[in-house]
Participant: 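Take a look at the following structure, please.
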Amino acid sequence: MAVERIPRYLKRTMGTGIRFKQGISFLLGFSNADWAGSIDDKRSTGAWLLYFLGPNHISWSSKKQSTVARSSTKDWWCKFFPAAHGPVPTALSHGSPWELVQSKALDVFYVAALEQVAVSNSLIVYRLGEEKIAATGREFIALMTLRIISTLELSYKFFTSYLPTSYVSSADISWLRGLTNLKVLNLTGVDLWAVSSVHSTNWAEPISVLSNLRELSLSDCRISGPFPLNEFHNLSHLSHLRMDSNPLSSPMPIQLANFTSVTVLDLNNCQLEGSMPYLPQLQYLDVSVNNDLIVDLVHMFDHPWPKLQLLSISFTYVGGTIPSSVSNASSLIHFLASHCSIRGYLPDSISDLSHLQYLDLSHNYLNGSIPFSISKLRNLQGLNLNQNGLHGPIPKSICEVSSLQSLLITSNNLNESVPSCIFKLRKLLVFDVTGNKLNGTISFRSMFLELNPVWISFDSNSLDVKIDVRYLPTSKFERLEALGLRDCNLQGYIPTFICNMTQLYRLDLSLNNLIGSIPSCIFKLPHLSYLDLSNNKLEGTLPHSIYLTQEYPYSALQLRSNRLRGSLPLPPKNVGIFDLSENEFTGEISDEVGARLSNADHVSLCSNNLSGSIPSAIFSRGSSLRVLDISKNKLSGEIPSTLKYCSSLVSLNFGANNLTGTIPNELQKATNLRFLQLYKNNLNGTFPTFIQQFQYLEVLSLWGNSLEGGIPHFLGSLSNLRIITLSSNMFSGSIPEEITDLHKLQFLDLSNNKLSGSIPEKIGNLEILKSMPNTSVVVGDVISLVCSGVVLQIQWKKATEQLGVVYTYNTGIDLSRNFLEGTIPNDICLLKGLKMLNLSHNHLHGMIPMNVGNMVGLESLDLSFNRLAGHIPLSLTSIDPLSTLDLSYNNLSGMIPRGAHFDLVSLDGSAYIGNDLLCGYPTNKICEQVNPSISLPNIGKRNDIPVFYSAFLIGIGTGIWGFVLVLVFVFLLSKKNWWLGYWRFIDTVALRISAYVLKS
């Protein structure tokens, strides 16, 4: 019976077996090890994998060592590659952990093994592991005996870094001279800084003798100085040249045009400058990440590039447009040009690149619409147009590109609806249109009828996404890794079928109208790393402990602005962002929670009902906290002295609590601090002197405490300060003149203190306030709207207003409620970008500056409760944005000036009460002045006295002269009509003369 089964088995399995695909005819081996990785016995685990004829693996093993011993290279060689002792050549790669150095010298046993293997074939790949080796040329001498090898790899890493030290360094590369048969040389990651800096002109001379060299990789070797043109020119067979990630800091060598054999050229991230030469023989060209390199696409594509398949110019400067002659690169497969300042339209001719598979024009200034002719790119697999100014609809013709796998068009101005045919592109894996103006309704179910996506995001549009909670999940859900439905008008409960998306690592349902509790199964998704359910109406409690993975670039739990309650959950380990702000959480912050938070990057628990003290564990040794916001709670006690362990802090906000004591000196360790907000507490003591060390400080908010003493002069040396709010304290003394040196200062609030002296005369030196801001950048961190927003309390339009988000156009100066004396400096009129000025409740005297109308951005002006005198300047009526004005309770006089807009600022006249000598609209007093548009000169200053008396004498002289002439005319003519006409003429002349003098 057993014999009969054999032919049956063979008959039924004729179509199965181990299939070998055709490939390169040699063995390829991979090995790695976890050295002393076992916690129990400190033994190592080694593994190896053998391939034959290219992609066909024939043998593999993974095994823990039976003994603990210091392995030599020979041991590893013999143990994992016994076949290497025979005539079959072996190629070894991928970071093997062999001990390559014993007593700082190469292992001769391994070299001997290499010689044995190299007897019948010259292909050897020699790759160093990850042990740190400070090797010199002398330690590589043994390699010179391997004259027949054709491939030599000494690389150790696969990323660029400009690290100050490398795993392998060589101060001399003369040992390469003997390897005359080399065809492939890979020194990626070998530190050649010493040899290239000492021998800057001829350091590559040993490479020049390798006349058979085809491929040369010197990536990330810290090579400095000029490009070694002369040495490489001798390499007449060289086809691949990679020197990326080296600080060459030199012009782009135009002599590269003479390297006619080179088909692959990689010079990305080399600090090159100048312009691109014409290299028509190239198939692969990467000059990206050279910010000073100018790539003139118009000039470049004036000539044909018939062989070019990859062009990467990202992070260079193009500046101009993409010309229609781009079709001269007819073989292009990859065109990568992000962050290049490209302008203009997408030309239709780009659709003539019939071989194009990947097109990246993200982060540029493209405008216009996506061309309808894009449907001609039938081989297109990836299209990235993120961060441009494109408008119009997504063309339906894009649905004809059936090969499309990734479509990214975020942060543009696209409108209309999403073409439904997009959801029929069966190969589409990634579709992201975040941050546009798309509208219409999308059925969530329709996305998965034919699509099998990995990434879907409709965040921040005007779309209505309809989800049927009764919708049964399909197997296609299991592949989805990212789902973004931020601000998509979602209604009702969070659908539980999301829990069937077992591969999901990013979920964003924020800014919707979701209600109910958060399904507990969401917190059990095995790959979930980023969860944002902020700005909904969710309620209920959270699990005691929350788990998130580290699969997203940074893990994040963002549940702000809901109605969640209960005690704080235990945060995930090593969470990046932890934001539970603006909820109803109660209780204390436990030490266990604090210890977890110390390993986070951004933490915000503001606007809850948390009580108790701030746990010292939140600032434990080795803390990586950059942003901490626990403001607007009921926390009490003193600020922990363990702050000294938070040297990485960038933003700290303890505002609006009940904290007591002084600001601890331990905070001085946080020298990278940019935002310090301790407002509205019960802190006492004097102004902390260690703040002088915070040279990066942008926002200093200490208002609403009991701080006393003087405001230090060193504030003027913190050149990055943008906002200073020290109001409602007990500061005394004068305002430091050095504050006027802060050229970035946009908001200064010193109100409600005990300051005396005068307003700094050079207040007009505040540079950023001299012009109207042309941007609306948020003052805060990169994700300031999430965690590190700047809170600003401002006396605005006769009311106190708190700004939760502060922009660069929120400008103001508030010095009210102090004991300031003197006059208002004329230089203050230079601040055209100032929106709010409050000098009320002081002892200021003199005139309101006549040029106050130059402050064209002013929206609120409060000079009330001072001792100001004279007329209200007519120029005040020319400030169009002015909407709030208070000049009450001063000693102003004369007619109130009028203007179409100015009359509306204070219809009830409250802005002028307490000034008994004012008259005219909107008061009930009638003015006797003939021409209210002419004001008396400002006699408050000595320089104006001569002008005043000159006008007075001219008027008197004109009157006397007129009187004499009148007597003559009376006796000669004795006609009444001459009398009246003459005096009318005299009045007109005198009035015009006076007006001219005053104007001058």
Side-chain angles (χ1 to χ4, degrees), residues 759 795-799 813-818 820-826 828-829 834 836-856 858-941 944-945 947-948 951-952 955 991 994-995 997-999:
I759 299 172
Q795 196 72 21
W796 185 258
K797 301 180 180 180
K798 297 185 178 181
I813 294 178
D814 191 347
L815 306 178
S816 63
R817 299 182 183 277
N818 281 288
L820 299 176
E821 299 176 335
T823 60
I824 300 175
N826 280 323
I828 205 168
C829 301
L834 194 66
M836 184 276 290
L837 177 61
N838 190 349
L839 305 178
S840 66
H841 295 85
N842 280 289
H843 303 310
L844 301 174
H845 59 79
M847 305 283 288
I848 299 175
M850 299 296 291
N851 296 326
V852 67
N854 291 342
M855 304 173 74
V856 293
L858 209 57
E859 296 182 16
S860 177
L861 176 62
D862 190 349
L863 304 178
S864 62
F865 291 92
N866 279 288
R867 301 168 184 174
L868 300 173
H871 285 53
I872 299 175
L874 179 63
S875 63
L876 199 57
T877 63
S878 64
I879 305 178
D880 290 336
L882 192 65
S883 59
T884 302
L885 176 67
D886 194 348
L887 305 177
S888 60
Y889 297 100
N890 280 286
N891 299 319
L892 300 173
S893 60
M895 176 176 283
I896 300 173
R898 301 196 62 179
H901 169 73
F902 190 74
D903 286 352
L904 304 176
V905 174
S906 182
L907 291 172
D908 59 357
S910 60
Y912 311 110
I913 61 174
N915 293 280
D916 296 335
L917 300 179
L918 285 178
C919 60
Y921 182 85
T923 69
N924 295 324
K925 295 181 180 180
I926 300 174
C927 297
E928 298 179 359
Q929 188 174 347
V930 176
N931 192 344
S933 64
I934 300 175
S935 302
L936 291 176
N938 184 354
I939 60 174
K941 288 197 173 183
D944 293 332
I945 293 176
V947 177
F948 175 78
F952 178 78
L991 191 61
S994 300
V997 172
L998 291 174
K999 184 177 181 181

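The shown structure was predicted, so the numbers you read here are calculated from the model rather than taken from an experiment.
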Participant: Is there side-chain contact between S875 and M850, with at least one heavy-atom pair below 4.5 Å?
Facilitator: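 A side-chain contact under 4.5 Å is absent here.
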
Participant: Can you tell me how far CG of L918 sits from NE2 of H871, rounded to the nearest 0.5 angstrom?
Facilitator: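 Separation between the atoms: 9.0 Å.
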
Participant: Do you know the tightest heavy-atom contact between I879 and L858?
Facilitator: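 The answer is CG2-O, 3.4 Å.
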
Participant: Scan L839, L834, V905, L882 and name whichever one has a side chain to side chain contact (heavy atoms under 4.5 Å, CB included) with L861.
Facilitator: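 The side chain to side chain contact (heavy atoms under 4.5 Å, CB included) with L861 is passed solely by L882 among L839, L834, V905, L882.
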
Participant: Is the shortest heavy-atom distance from the side chain of S910 to the side chain of D908 under 4.5 Å?
Facilitator: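 The answer is yes; the side chains approach within 4.5 Å.
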
Participant: Please give me the minimum heavy-atom distance between R867 and H843, naming the atom from each residue.
Facilitator: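 Shortest heavy-atom separation between R867 and H843 comes out as NH2-ND1, 3.6 Å.
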
Participant: Which value, rounded to the nearest 0.5 Å, describes the distance between M895 atom CE and I926 atom CD1?
Facilitator: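 The CD1 atom of I926 is 10.0 Å from CE of M895, to the nearest 0.5 Å.
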
Participant: With rounding to the nearest 0.5 Å, note down the distance linking CG in N890 to CD1 in I872.
Facilitator: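 N890 CG to I872 CD1: 9.5 Å, rounded to 0.5 Å.
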
Participant: Please find the pair of heavy atoms, one from M847 and one from A869, that lie closest to each other, and give the distance.
Facilitator: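 Of all heavy-atom pairs spanning M847 and A869, the closest is SD-O, 3.3 Å.
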
Participant: Looking at CG of N854 and OG of S878, how far apart are the two atoms once the value is rounded to the nearest 0.5 Å?
Facilitator: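 Between N854 CG and S878 OG, I get 7.5 Å after rounding to 0.5 Å.
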
Participant: Looking at L904 and A900, what are the two nearest heavy atoms and their distance?
Facilitator: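 The pair with the smallest heavy-atom distance is CG-O, 3.8 Å.
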
Participant: Nearest 0.5 Å, what's the CD1-CG distance between I824 and L844?
Facilitator: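 Interatomic distance, I824 CD1 to L844 CG, rounded to 0.5 Å: 5.5 Å.
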
Participant: Among pairs that include at least one residue of residues 876-927, which meet ring pair (Phe, Tyr, Trp, His ring centres under 6.0 Å), considering only residues two or more places apart or in two chains?
Facilitator: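 As it turns out, the ring pair (Phe, Tyr, Trp, His ring centres under 6.0 Å) pairs with a partner in residues 876-927, which skip direct neighbours, are F865-Y889.
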
Participant: Checking the side chain of N851 only, and the main-chain atoms of N826 only, is there a donor and an acceptor separated by less than 3.5 Å?
Facilitator: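 The answer is no, because no donor-acceptor pair under 3.5 Å joins these two groups.
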
Participant: Any idea which heavy atoms bring I759 and L820 closest together, and the distance?
Facilitator: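 Nearest pair, atom of I759 first, then L820: CG1-CD1, 4.2 Å.
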
Participant: Check the pair I813 / N838 against side-chain contact (heavy atoms from CB on, under 4.5 Å), numbers first and verdict last.
Facilitator: CA-CA 6 Å; I813 294 178; N838 190 349; over 6 Å; no

Participant: Name the residue from L868, D886, L892 that meets the side chain to side chain contact (heavy atoms under 4.5 Å, CB included) definition with L863.
Facilitator: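 Filter result, single survivor: L868.
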
Participant: What is the minimum heavy-atom distance between P873 and P897, and which atoms define it?
Facilitator: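 Shortest heavy-atom separation between P873 and P897 comes out as O-CG, 4.0 Å.
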
Participant: Would you say S906 and L885 make side-chain contact, with heavy atoms under 4.5 Å?
Facilitator: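 With C-beta onward as the side chain, the pair stays apart.
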
Participant: Which value, rounded to the nearest 0.5 Å, describes the distance between D814 atom CG and S840 atom OG?
Facilitator: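 Separation between the atoms: 7.0 Å.
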
Participant: Taking the side chain as C-beta and beyond, is there a heavy-atom pair between I913 and N915 under 4.5 Å?
Facilitator: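 Not touching, per the 4.5 Å side-chain cut-off.
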
Participant: So does E859 get a backbone contact from the side chain of S883, meaning a donor-acceptor N/O pair under 3.5 Å?
Facilitator: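 Such a contact is found between S883 side chain and E859 backbone.
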
